[in-house]
Amino acid sequence: MLMGYYLINIQCFLQITKENNLWMEYIEKLQDITDEEDEQPMEEIYNELSRLSSTPMEINRVTDSDLQRLPFLSDQQIEEIISYRLWYENMVSLYELKNLQTLDYYTISLLLPFVYIDENYVEKRLITVNNLLKYGSNEFIISYNRCFQQKSGYRSYSDSILQRYPNRKYLSEPFY
């Protein structure tokens, strides 16, 4: 039992470490692509990202200038993050980043160590008709069927025929 606890903790720690090391791998790839004489800017980028990962930004309060400090985000991605937040008010979960078309899984994984959501700041959206209409994608379909020819069950019959054959006349409305 105790051994299983330690294995789970080690696995969780390795997963968190992997997410944090992902941006370091990005810097290494970026450094391989650039010239060796640009070593000073790479060191500055590494120091900046180290500082930002140690103090992540609250995504509902972050500005576009804050996001521009992250070298892996394009201007289009930054604009989409800001406009999504303005359109839908505050993000409730970081999983909402998957709704943005310009952000792929790799970019979201790079972004996660640098942002968080303050649970006290976020107002949970109640499920109301107004919120469903504003934030949901809804369809309202009405269907009405009625034949042009009158069916025999809806014709008028005399009382003597109805007493003899009570199931000859439909009791419901002529639409279904």
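The main-chain N or O of Arg69 is never found under 3.5 Å from a side-chain atom of Glu48 such that the two would form a donor-acceptor pair. With Asn60 contributing its side chain and Met91 its backbone, the two residues share a donor-acceptor pair below 3.5 Å.
Within a 6.0 Å sphere centred on CG of Asp159, other residues, nucleotides and ligands contribute 12 heavy atoms or fewer. Residue Arg164 places its CZ atom among 12 or fewer non-hydrogen atoms of other residues, nucleotides or ligands, all under 6.0 Å distant.
Under the 4.5 Å side-chain contact rule for hydrophobic residues, Tyr105 and Leu111 do not share a cluster. Cluster annotation: Leu100 is connected to Trp87 through the hydrophobic network of ILVMFWY side chains, with a link wherever side-chain heavy atoms come within less than 4.5 Å. Following chains of ILVMFWY side-chain contacts shorter than 4.5 Å, one cannot reach Tyr95 starting from Tyr88, and the two form parts of different hydrophobic clusters. A single hydrophobic cluster is not seen to contain both Tyr116 and Leu110; linkage of ILVMFWY side chains at heavy-atom distances under 4.5 Å, directly or through other members, places them apart.
Side-chain contact annotation: Asn47 with Ser50, donor-acceptor N/O pair under 3.5 Å absent. Side-chain contact of Tyr84 with Glu96: a donor-acceptor pair under 3.5 Å is present, judged by distance alone. Thr102 and Glu80 share a donor-acceptor pair across their side chains, judged by distance under 3.5 Å alone.
Leu94 and Ile117 make their closest contact through N-CD1, 3.4 Å (heavy atoms, listed as atom of the first residue, atom of the second, distance). Nearest approach of Ser74 to Gln77, heavy atoms of both residues: N-OE1, 2.9 Å. Between Pro56 and Pro113, the shortest heavy-atom contact is CB-O, 3.8 Å. Closest approach of Val62 to Ile59, counting heavy atoms only: CG1-O, 3.3 Å.
Taking CD of Glu25 as the reference point, atom CG of Leu22 lies at 5.5 Å (rounded to 0.5 Å). With rounding to the nearest 0.5 angstrom, the CG atom of Leu97 is 10.5 Å from the OG1 atom of Thr107. Rounded to the nearest 0.5 Å, atoms OH (Tyr157) and OH (Tyr165) are 11.5 Å apart. To the nearest 0.5 Å, the span separating OG on Ser83 from CG on Asp64 amounts to 11.0 Å.
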Step-by-step side chain to side chain donor-acceptor pair (under 3.5 Å) determination, Thr63 to Asp66: CA-CA 5 Å; Thr63 62; Asp66 293 334; 3.2 Å; yes
Side chain to side chain contact (heavy atoms under 4.5 Å, CB included) evaluation trace for Phe114 with Leu67: CA-CA 9 Å; Phe114 302 103; Leu67 290 174; over 6 Å; no
Side chain to side chain contact (heavy atoms under 4.5 Å, CB included) between Val115 and Glu58, worked out: CA-CA 6 Å; Val115 294; Glu58 210 284 320; over 6 Å; no
